[in-house]
Amino acid sequence: MTTARRNVRIGRIGLYTLLVWICLFFSIPLLVVISTSLKTSDEVRTFSIFTLPAAPSLAAWIKAWSSACTGLNCGGVRVGFLNSVRILIPSVFVSVMAGAVTGYALSHWRIRGANAIMLLLLICAFIPYQVILYPLVKTFSTIGIYSSLPCIIAVHVIFGLPVMSLLFRNFYAGLPEELVKAARIDGAGFWRIFAFVMLPMSVNILIVATILQTTGIWNDYLLGLIFAGRDNMPMTAQLNAIATTSTGVIEYNVNTAAALLTALPPLIVYFVSGRYFVRGITAGAVKG
Amino acid sequence: MSAVSVFGLSKSFGHLRVLKDIHLPIETGDFTVLLGPSGCGKSTLLNAIAGLEDTDAGIVEIDGADVTHREPSKRGIAMVFQSYALYPTMSVRKNLSFGLRVRSVPRQEVARRVHWAAKLLQIDELLDRKPSQLSGGQRQRVAIGRALVQQAKVFLFDEPLSNLDAKLRTEMRVELKRLHKDLGATIVYVTHDQIEAMTLATRIAVMRAGRIEQYATPDDLYEEPATLFVAAFVGSPAMNFMPGRLISSTVHIGSARLPLNGYRFRSSPMNGQEVVLGIRPEHVQLAPEGQLEAETLFMEPMGADTLGWFQFGEHRLSARLVPQVARGLSGTVRLSLLADHVSLFDPSTEARL
């Protein structure tokens, strides 16, 4: 009896030791980055990367934010941050709403070929970006909006639409068909049913979709680099430019601070809304 | 004038023909019940009247106007659904008024109608609650209220009571009957419950496999079912059926002879024709000089009366008996079939003779 209990306790200790090691293993890179960003340039060069900063200072963060140089521009990642925000907000809003409308139309209105459209969306959701980059560039330059803010927004909306539509279609398919019928008899049309009946019921799934799109679009590097144009480079592209600048001494402390600044917005989004995220994902999954 | 007229309505889902050339005239003020087993097409027919389902052929008229290609909201109908379909994010008040607000009815008129419907259905206490805070019966009332405020020409009900428990169902049945009487509204009501149909309807259309088998008043349906299917589907406990032969106005069943005095034949059957004789349990009586000799099997007490089961040759017969009489019954008895109440069917066409 007691030996059995002791064995259980030893097992527990083993388990927790293992878990702590795994946690450390995964958090060490993050800890190193944080600690490096708080050091001075000299400290970084003279000591090992695991040494903690002697006098933690935010000087590198301030420099990264406001005066780090990419080539000839020395405005810090602030410029990239503002660009990213300008890309993010319309892209997320349009892609989420377009996905919601598409999902609603595909699930509750008898549309000719709805199943074929669904299949297409499903295939599109899994096509790697790289395959269609070149045709897309050609298309946009033919239209004449290549390398502009509208261009990068359109690209994010296009790439976001398949997954968004699937997500919303599965959610709406779980809602009773009779709701739409009742609203039709009440005299509401396609858009009014969407706005007054469906959308108010979609709060959780809207949050999930917004999180998915926000993190996806914020973290995007490739599309921003190709489609945004020089004046609209997102934060990720600018971060890369700072880190790969080859003139003078490499300021690791500034680079790590810039990396953390870039990663911060998605992290904040996760911390604030993780609860809704889990709830929404399961709601969509079970009912779909 | 008919409130609703359906002419030659047909509908298929792929190869499956769910409605086959349906004709159904519904008079103003009628409470018409579409009755039938699941899959008979009754809900599809209701949806076609509502305009929620496209049809392949045929015409739907409401209040004299051809509405076959009109939107549901332009047909002058209101509908109550089986799942109630209340808008979950809106309060009861908003649920009731949604349709009126969509139609831009003046605000005072909206308030007046909501107040009127809430009073009528005794839900005025619940106006500010959300549907999730209501019981099943209350949700049902709100769903009916949402239809009432429309002041439609025709009300459509799609199995509205089937999600309620037995006691509540009986209560709501009485309520619906009262509403129909008070409002004088035209109602089309779908159900698979024949008791609901019998108690509520002024006319019943019994459906089977996409066709209307009989369209008649509950009394006619019960007393003179037009087909074997209707005879078997309507009435609880169910009608007894026995095959026999018709020889000069007398039905021969085994050794028994049942003379038919004054049976109203719909057709002129041949002498010696095979028939199926149907008789309801209340028209089978214990009688010393009865036509049949049968063995007592067992008794099913049902409260007001007892259903007695008897074996006659290879047939099993039920009879509605007075409980006191039924209690002491055993062994061989003689049963009399009331000839005025029998129904005869052609076994090949299943139609009433």
Side-chain angles (χ1 to χ4, degrees), chain A residues 96-97 100-101 103-116 118 168 170-210 276 279-280 282-284 286-288, chain B residues 13 43 46-54 62 67 70-91 94-105 110 130-132 139 142-150 152 154-160 163:
Chain A
V96 168
M97 290 320 281
V101 173
Y104 156 69
L106 286 176
S107 55
H108 281 282
W109 292 82
R110 295 236 170 92
I111 293 171
R112 211 179 284 271
N115 285 334
M118 274 307 295
F168 278 98
N170 284 352
F171 177 76
Y172 288 133
L175 299 180
E177 193 187 5
E178 290 189 339
L179 267 178
V180 173
K181 287 187 178 176
R184 281 178 69 193
I185 287 181
D186 267 344
F190 181 90
W191 292 106
R192 210 190 287 252
I193 295 174
F194 178 66
F196 292 100
V197 179
M198 295 315 229
L199 265 193
M201 299 174 70
S202 320
V203 176
N204 281 349
I205 200 78
L206 281 172
I207 291 174
V208 170
T210 306
Y276 292 100
R279 204 189 292 164
T282 47
V286 173
K287 285 177 184 164
Chain B
F13 290 125
S43 283
L46 193 76
N47 279 331
I49 295 173
L52 294 169
E53 199 87 70
D54 291 335
I62 292 175
V67 298
R70 270 192 217 171
E71 273 291 296
S73 55
K74 306 250 161 63
R75 294 186 173 209
I77 50 145
M79 191 158 172
V80 177
F81 295 91
Q82 183 175 356
S83 67
Y84 317 139
L86 300 178
Y87 310 125
T89 54
M90 299 183 200
S91 67
K94 289 263 166 70
N95 261 284
L96 292 179
S97 61
F98 182 70
L100 300 178
R101 285 181 285 133
V102 168
R103 280 165 226 259
S104 316
V105 173
V110 173
K130 289 277 174 67
S132 56
R139 287 179 202 185
V142 176
I144 294 172
R146 191 171 57 181
L148 288 185
V149 296
Q150 296 289 334
V154 180
F155 293 91
L156 308 176
F157 287 82
D158 191 1
E159 308 220 20
N163 282 359

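Throughout, protein chains are lettered first and strands after them, A, B, ... in sequence-line order, and every chain is numbered starting at 1.
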At a heavy-atom separation under 4.5 Å, does [X] approach chain A through its side chain, its backbone, both, or neither?
X	answer
B:Leu100	neither
B:Gln82	both
B:Ala143	neither

Between A:Ile193 and A:Ala183 the two heavy atoms that sit nearest each other are CG1-CB, 3.6 Å
Output yes when a side-chain donor or acceptor of B:Arg103 lies under 3.5 Å from a complementary backbone atom of B:Ser73, and no otherwise. yes
Give a yes or no on whether the backbone of B:Phe81 and the side-chain of A:Glu178 come within a donor-acceptor separation of less than 3.5 Å. no
When [options] are compared by non-hydrogen pairs under 4.5 Å with chain A, the top option:
options	value
B:Thr89, B:Asp158, B:Val102, B:Asn47	B:Val102
B:Lys74, B:Arg101, B:Arg146	B:Arg146
B:Ala50, B:Ala78, B:Pro72, B:Ala147	B:Pro72

Partner residues of B:Tyr84 under the ring pair (Phe, Tyr, Trp, His ring centres under 6.0 Å) criterion, sequence neighbours left out: none
Tell me, which pairs form a side chain to side chain donor-acceptor pair (under 3.5 Å) where one or both residues lie in residues 188-202 of chain A, sequence neighbours left out? A:Tyr172-A:Ser202
